[in-house]
Structure formats: structure tokens, C-alpha cells
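Report on the structure given below.
Here the structure is a predicted model, which is why all the values come from computation and not from measurement.
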Amino acid sequence: SLARTEVNATSSVFDWQTRNLTARWNHAFSERLFANLIAVYSSYTPTITNPDSANAFELKSGLVYKNIKLDLGYVAGRHKVDAGISGIRYDIQPGDLQPTLASSNINPLKLQSEQGLEAAAYWNHEIEVSKGFSVMYGLRYSWFAALGPYRVNQYEPVSPRDPTTISGGTDYTTGKIIQSYNGFEPRLVARLNLTATTSLKFSFNRMYQYLQLISNTTAALPTDRWKISDAYLKPQFGDQISLGIFKKKKKDTYETSLEL
């Protein structure tokens, strides 16, 4: 565990790299039916380096995110229907500590990598009830699974989950589901046009989050770690409700709003 590894250094060097790639395909089957296919690849690799000869080390971690999403849209008069499916693959290296000099007192330590798979499907229906009033409602279903290879430790009862309280464990092979979660995410948006440039909007949205950023500082640093939901860490979910008034200016070039 890196939490029990103490390293004294006179200086530290922080470095991070990001790589992003996006591919998109659009196609209109007719004036009413169209499709969008999007593929995304993203990687984030932070590194902490200590140049001190006595404790010279390099600590790396990383997150690789792969996403493919298909959206379909259909428009008919006052109705617009959207539906789609998506799949996300998470690959996380929580920490890899390695000495960088032969004289370094640091012992190498590499934490278990984490893998996760998220799948989702959604459906939205937007209808223009009248010239000044429209409603959009929909439902999204998401499913997530933490995957092997991974060893899930078991701990002594009524004890903190710490390397000193490990009582056993279960090994999961490649692709084996360790723990899965799922949930429905409803959404609702209503817009009332008060004038040609002013509108009142209400929205409700529920969202599940299966990837968490763990930090012990108020500012984002390369020391922050990404963590997927697993047998011990449940996903977060939140409900957002908002009500606001929106004002467009200079032929829709600018928009100001006041929201609760």
C-alpha cells in the first residue's frame, strides 16, 4: 500500500501527460432520421519524481478512457425523438513506485490495476406543446461492472480496511465480474417562452457516477487518484433540480441567465 510508504525528499517534480483522440461519423438516412457515431480515446498519466540520490524514485499512475456511442434522432412535426447506446471501458493504474538510481533506498511497489466496463441506453422525447411551451422527458439506464484480474482483500470484522487487518481474499480472473451496479436516470426539461427573447426553464436530472477522483487537497494535483466503484466503494448518484430565467441579446449572440 502506498499509504504506508513514507518517503522524505527535499524536492519533488510533478509532471502529467494527456492524449485525446475523437472520431465521428454522421449520416442522414432521410430528412427525418439521422445517426451519429462517436468514438473517444483518452489517457491521463501523472508522474511524481524525486531527484534526491538517497531516495530517488518515480511514482506513476494513469487512467485510460475508451468510449463508443451511437445516437439516433427522428423528427416529425412538433416531435423529436432521440435514442442511443454507449459503452465505456476504464483502465486504471493506481500507482507504480520505482527507484530511479541504484543507490536509492526506495523499494519498488506496484499496485493492482483496475478495470471497469460501463454500458448505457437512453431515450428522449421532445414535444412542442404550443408555440411558447415545450417539454422534453426521457430515461437513461446505466450498468457498470468492475472486472478482473484483481484480488479483493477481506478484512477482519469491525476493523478499518488496512493492510494490517487483511484476513484473506478472493482472486478474480481476467474479465470476471467482481461487482456490478446499475440504475435508472430520469430527466425532465420544460421551457416556457415569456417573450421572443426571454424564457423560463425547469429541469430535473438524475445521474450515476462510477468513476471517482480521490484527492486530499482543495486544488487538483497530480497526486490525485482515480478510482472506479468496486466491492467496497459504491457509485455516487445525485438529483439536480433547477429553475431559471434566460434572456437572449443581440440576435441570440449572447444569453444571460439567473438560476436556482
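The local environment of NZ in Lys201 is crowded, with over 12 non-hydrogen atoms from other residues, nucleotides or ligands closer than 6.0 Å. Atom NZ of Lys176 is surrounded by 12 or fewer heavy atoms from other residues, nucleotides or ligands within 6.0 Å. More than 12 heavy atoms of other residues, nucleotides or ligands lie within 6.0 Å of CD in Glu259, so this atom counts as buried by the packing criterion.
Counting heavy atoms from C-beta outward, Phe237 and Arg206 have side chains that approach closer than 4.5 Å. You'll find the side chain of Ser86 reaches within 4.5 Å of the side chain of Asn67, heavy atoms only.
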* To do: Might you work through the side chain to side chain donor-acceptor pair (under 3.5 Å) test for Asn20 and Ser42, ending with a clear yes or no?
  => CA-CA 4 Å; Asn20 300 284; Ser42 178; 2.8 Å; yes
* Please walk me through it: do Asp230 and Ile178 pass side-chain contact (heavy atoms from CB on, under 4.5 Å)? -> CA-CA 7 Å; Asp230 56 19; Ile178 301 170; 5.5 Å; no
* Asked: Which is it for Leu59 and Asn50 under the side-chain contact (heavy atoms from CB on, under 4.5 Å) test, yes or no, and what are the steps along the way?
  -> CA-CA 9 Å; Leu59 175 60; Asn50 172 28; over 6 Å; no
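Between Asp171 and Arg151 there is a salt bridge, since a side-chain N of the basic residue sits under 4.0 Å from a carboxylate O of the acidic one. By the 4.0 Å N-to-carboxylate-O rule, Glu114 lies close enough to Lys227 to be salt-bridged with it. Under a 4.0 Å N-O distance rule, the pair Glu126/Lys80 does not qualify as a salt bridge.
Exactly one of Trp123, Tyr122, Tyr141 qualifies for a ring pair (Phe, Tyr, Trp, His ring centres under 6.0 Å) with Phe184. That residue is Tyr141.
Between Tyr90 and Gln115, the side chains place no donor N or O within less than 3.5 Å of an acceptor N or O (distance only, hydrogens not considered).
In this structure, OG in Ser134 is found 11.5 Å from CZ in Arg78, a value given to the nearest 0.5 Å. Once rounded to the nearest 0.5 Å, the distance linking CG of Leu233 with CD of Gln179 reads 11.0 Å. Taking CE of Met207 as the start and CG of Asp239 as the end, the distance is 11.0 Å to the nearest 0.5 Å.
Using bins of under 30°, 30° to 60° and over 60° for the plane-to-plane angle, the ring pair His79/His125 lands in the parallel bin.
Screening residues 154-182 for ring pair (Phe, Tyr, Trp, His ring centres under 6.0 Å), with sequence neighbours left out, gives Tyr155-Tyr232.
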